[in-house]
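The structure under discussion appears below in the form of structure tokens.
Below, chains carry the letters A, B, ... as their sequence lines are ordered, and counting in each starts from 1. In this text, all values refer to a predicted model and were calculated from it rather than measured experimentally.
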Amino acid sequence: MNLHEYQGRALFRAAGIPMPDGDVASTPSEAESIARRVGGTVVVKAQVHAGGRGKAGGVKLAKSPAEAGAAAEKILGMSIKGLIVQRVLVVPAADIASEAYVGLIMDRATQRPVFMVSPAGGIDIEEVAAKTPEKIRRLAVDPRYGLLPHQALGLALFLYPDIAQARAAARIMEQLYQVFTANGCSLAEINPLVTTPEGRVVALDAKVSIDDNELDRRPDLALLRDETAEEPSEVQARRANLTFIKLEGNVGCVVNGAGLAMATMDLVKYYGGEPANFLDIGGSSNPDKVVNALRIITSDPNVKAILFNIFGGITRTDDVANGLKTALSQFPVKVPIVVRLTGTNEAEAVKILRGIGMTALSDMDEAVRQVVAVVKGAA
Amino acid sequence: MNLHEYQGRALFRAAGIPMPDGDVASTPSEAESIARRVGGTVVVKAQVHAGGRGKAGGVKLAKSPAEAGAAAEKILGMSIKGLIVQRVLVVPAADIASEAYVGLIMDRATQRPVFMVSPAGGIDIEEVAAKTPEKIRRLAVDPRYGLLPHQALGLALFLYPDIAQARAAARIMEQLYQVFTANGCSLAEINPLVTTPEGRVVALDAKVSIDDNELDRRPDLALLRDETAEEPSEVQARRANLTFIKLEGNVGCVVNGAGLAMATMDLVKYYGGEPANFLDIGGSSNPDKVVNALRIITSDPNVKAILFNIFGGITRTDDVANGLKTALSQFPVKVPIVVRLTGTNEAEAVKILRGIGMTALSDMDEAVRQVVAVVKGAA
Amino acid sequence: MSIFIDKASRLVVQGITGRDGSFHTRQMLEYGTQVVAGVTPGKGGQTFEGRVPVFNTVADAVAATGADVSVIYVPPAGAAGAIFEAADAGIPLIVCITEGVPVMDMTRVLPYVRERGARLIGPNCPGLITPGESKVGIIPGNICLPGRVGLVSRSGTLTYEVVNHLTRHKIGQSTCVGIGGDPLNGTSFIDCLRAFQDDPDTDLIVMMGEIGGTDEQNAAAFVLEYVTKPVVGFIAGQTAPPGRRMGHAGAIISGSSGTAAEKIAAFEAAKIAVMKRPVDVVELVQQRM
Amino acid sequence: MSIFIDKASRLVVQGITGRDGSFHTRQMLEYGTQVVAGVTPGKGGQTFEGRVPVFNTVADAVAATGADVSVIYVPPAGAAGAIFEAADAGIPLIVCITEGVPVMDMTRVLPYVRERGARLIGPNCPGLITPGESKVGIIPGNICLPGRVGLVSRSGTLTYEVVNHLTRHKIGQSTCVGIGGDPLNGTSFIDCLRAFQDDPDTDLIVMMGEIGGTDEQNAAAFVLEYVTKPVVGFIAGQTAPPGRRMGHAGAIISGSSGTAAEKIAAFEAAKIAVMKRPVDVVELVQQRM
């Protein structure tokens, strides 16, 4: 789960990371009064889950409270990469002497949190990695010991030759590590970490992603989810405990298991079709999940046909068949459905489907070919 | 540094360990009003750094606030193992269904914090260890991982077959481990940990020792030191950065280094004398330390002669000689002084001593024999 | 022969009295797995299905039964604790089925397990099966057949799909291992490739990968260097949009290292025969056996 | 020959610009120790005494100078961090002189050092010296003499006392090691006994113990089992009252295991010749050389 900048800021500030004052606003007048409170020139920043806000016009300087209100007026409601801006962050504009990058990510390869720092900050770190890899230093932190003082200072000295600034940056890295581990982050990033003309080290941005698996035991973090910033069908799916991602095609897919779901999408494409979604109903075979899955898929007007691909293991195929039956009795499905199911309680499932006039295939390739043919016939 | 029970209680309660309500009092009327507030029968407990308070009459039951005041009246000012009781703790008397022991100590052998638990609580754990060792279970905690849930539960199941009580006790052990590591303890002990007739698990005592090395970085803990509960000469020594322990003999000793100080005491005894103290002036050779050392030693009326045994390494023997010279010019020392010094700047030191009419020996045995002879001659 | 488990494996089920634990314990017993103990704190002394003794702790279970494999069906909040407990009790092979274990927990679990010389499979995995001998986890036993193909996979049901094709064509398996798709897990492709390479009763290896991370690329490099047996591979997620997370499998495309195209290229460079579709496994294996 | 250090040892001094660090670095340079680098964060690029380059980090120092021994003179609050840094930089021998290091810090430092295969001597120790070759720490060089007696001790000045007796009687030392008296330290008597036993140029071992803990008893058991060279021992604190802490040496009598009487009995049972007084070392050693 990605946090908005203003939410990440709150975590950073609670951990003691020096950041400029400021607050979040959802109306121009709120933005204006925040600008009045903090004083001086401010930056008004769109709060959306998308990179490249600056280029899209989502970040504006304002020299007075009135200008801040006007900037907020322009930015609120703006669409950035398809996402409507609902909130802006208003912070004092900082005088910047230098910009560095400090990121902490959960790394699969070392199986540890890994720091990535660069004296070339303020720009995309992937760009730095590609063009000037020598300007990046990495450090895997052993979680049994945490970030050790010499490690933090070693990284900080790579950013700042001045020992006072390096000590300040080392402290910020220790605080960032605390934020990361205490909140189950998969990413915590400061870009840019700046020095001011007076020599202070200050974080000007906060980018935080939380491991979704952390949310069950951390209701405080779960509350930070901003569903207005997501695709409504994906929100609906998550509430129904489905993993769903909307795509651009026209073949709706209902599959159990993420790997099989991806392989199903690949096979749809292989046979000339275009998947309309990724959907994993998961391991448990609650018929309600099937009902919800169908509801979500059928709400997409692009969908021309629906493919079920169920390999019963823990998932009982008769539960899936029952879910399908229930769904069809609750709301009309106007597009053709092709069902492939095999495995646990297959015979029972086939009987249930027959009872509502449907047939079930047992071969995945055959099912995919058939659904692609149906879609093409319909086109 | 040993904490009083009421201080340990505060740490335990802050960590969430369930303990009866109550408070500390230094007058009978305070004790009475605490008893009134908590209600019912209370226990009034002497707060001194000594075991066996119960046997010494330092723990009394009181059925009313008035009785509590009377009990406090008796206990306050009482002497337990030579220590005057300055405060009493007043807590509600708990109904006890069972008593267990839970202790956590820093263990030299495993170099880890070690839990020691026993279902035989309320008595001296050394007694349990001697008589029924099978009733003790130990567990060394790997500090890199902390106390793991299954470890706490495993220990707790050794105390309580009931799973609800075991889970409660496991939680208390986790809290005790937090107290221990967060405060640099060398010991944190609950004796007894009781169950009430209703099945609750409650800590009835709190014994905590803090590693002295922790106090520099933890002024909050250093404030807990109760100097009124210590030998005044030892308090004076600590303030002067000396390590001093008062003993019963008559040969005062001023030595640099703990090992050499102990060996010096042993040698005094070997040659038929009795050391009056252990005193280590430490590694740095600040002349003030010598002045303070002499002040403390000469305040002991038992001391019949004083032995200096200095092996100069980091310690400069001329600094020691200067300190001695300063001390003698500041206050009269009425007992003979025998000085042995060798090592760093020895020639200079000998010259300083000669200047004030003293001689210095270079051999430890000779110096000890001489000081013992002086004391015996004086007797 | 086989890797990791065989008919001598003595299994303890952590969370045996829970919903998933009890269901799958019955399945494993039916399959013939030697389920020698269960663990549920507070239920020590009970007996599961009239035949499996239940203990309060894994240590108790090991002491009483000599269990040497553990399978974990406890909820996510307790899963890391269960792995710690199994490793601490000296269990050399720990299989964690639980889905949704916080990744931060795994950063501490993994070194703990390694320090004790134990192997963890999972979390968030279907477990493993040595057909005809022992099944530990949730892979359906009826789709497997004893034989000489070793299979390792990051996913669950996709594994079943492929195993099913093999079995229907009378191509048996030595062991099928689902290593799980979480970002941090205990056993990698490489661990399994090495074991299969060293197993005299495995002739060919099938490796089922996914987008995200670089495990498949590392595995391909290892194949080049160490594996002499034929390897057949698959990568799921060729049509997945970049930068999106495809469900719990943790298939995240991070930067340039994790796309299906890159992984397939790595497979091909290592002379791994790449299936275009799951069903292709049959022909590719048959050509190489 | 010698143990742990010799004339080839390349020393980095952590805290070289501090009060104690600069004083003792001069002493070590005078003695002939190869002090190749110093470390003080923020002073990288400076030169100490016109001859020792100062670096910001131990890693920088190792990279530039190939230092293979570190000695630490930083204040207690930073001592654990300095040990972590030295171990992380790959230094195989780390000597921590600092007194007053919180014990809780040591519980984390010790496994870290061990995981890296490094040896820590101390904290709160005088260091070690191989007479005529190299001195690391604060043992006065002038009281030592090259020779064939190995000495290991828990205390500082008491060590000097004994070494002084030996030297005045022309009994030289292979290496003298002060392991420190803190409750948790890096190197034990046993580590040193093993090294001296295996050192072809040590003929006899002197071991100086103290009350508190069970290290001396464990050492005696090790002598019985492993050491064939003669051993002469001493226990300080025979007259110490039980239950009192005798200064920073951490000499705590805990329960029945830690009294001088018990330790002396353990020594005698292991055929270790026990000195009654420090001066006895001369006669006992002479009888056995």
Tell me the closest heavy-atom pair linking M364(B) and P278(D), and the distance in Å. CE-CG, 4.1 Å
Between L184(D) and R108(B), the two heavy atoms sitting closest are CD1-CA, 4.1 Å
Whatever's closer than 4.5 Å to a heavy atom in chain B on P140(D) counts as side chain
Is it the case that atom CG in D216(B) sees more than 12 heavy atoms from other parts of the structure closer than 6.0 Å? no
Would you name the heavy atoms of P143(B) and R108(D) that are closest together and state the gap between them? CB-CG, 4.4 Å
Considering only heavy atoms, which portion of F234(D) lies under 4.5 Å from any heavy atom of chain B: side chain, backbone, both, or neither? side chain
May I ask you to name which of V368(B), I105(B), V255(B), D365(B) has the most heavy-atom pairs under 4.5 Å with chain D? D365(B)
Interface moiety of P76(D) toward chain B, non-hydrogen atoms closer than 4.5 Å: neither
Report the option among N164(D), D20(D), N218(D) that has the most heavy-atom pairs separated by less than 4.5 Å from atoms of chain B. N164(D)
Euclidean distance, E161(D) CD relative to L267(B) CG, rounded to 0.5 Å: 9.0 Å
Which bit of S155(D) is near chain B, if near means a heavy-atom gap under 4.5 Å: side chain, backbone, both or neither? side chain
Within the structure provided, determine whether V279(D) and E366(B) are in side-chain contact (heavy-atom separation under 4.5 Å). no
Side chain, backbone, both or neither: which part of R218(B) has a non-hydrogen atom closer than 4.5 Å to chain D? neither
Between the side chain of Q111(B) and the main-chain N/O of T107(D), is any donor-acceptor distance below 3.5 Å? no
Heavy atoms of P102(D) and E214(B) approach each other most closely as CB-OE1, 3.3 Å
When you compare the side chain of I235(D) with that of M262(B), does any pair of heavy atoms fall below 4.5 Å? no
Residue part contacting chain D, namely of N256(B), when any heavy atom lies under 4.5 Å: both
At a heavy-atom separation under 4.5 Å, does D107(B) approach chain D through its side chain, its backbone, both, or neither? backbone
With respect to chain D, which residue among R144(B), E248(B), E274(B), K269(B) yields the maximal number of heavy-atom pairs within a distance under 4.5 Å? R144(B)
Steps toward side chain to side chain contact (heavy atoms under 4.5 Å, CB included) verdict (F311(B), I143(D)): CA-CA 11 Å; F311(B) 202 115; I143(D) 59 168; 4.1 Å; yes
Nearest-0.5 Å distance that lies between atom OH in Y270(B) and atom NZ in K276(D): 6.5 Å
Side chain to side chain, D105(D) and R217(B), heavy atoms closer than 4.5 Å: yes
Atom CE in M104(D), atom CD1 in I210(B): separation rounded to 0.5 Å? 8.5 Å
Relative to chain D, which of D266(B), T264(B), L260(B) shows the most heavy atom pairs under 4.5 Å? D266(B)
CD (E227(B)) with more than 12 external heavy atoms under 6.0 Å: yes
Non-hydrogen atoms of A263(B) and L158(D) that approach each other most closely: CB-CD1, 3.7 Å
Separation between CE of M106(D) and CG of D211(B), rounded to the nearest 0.5 Å: 11.5 Å
Any side-chain to backbone donor/acceptor pair from N213(B) onto V101(D)? Under 3.5 Å, distance only. yes
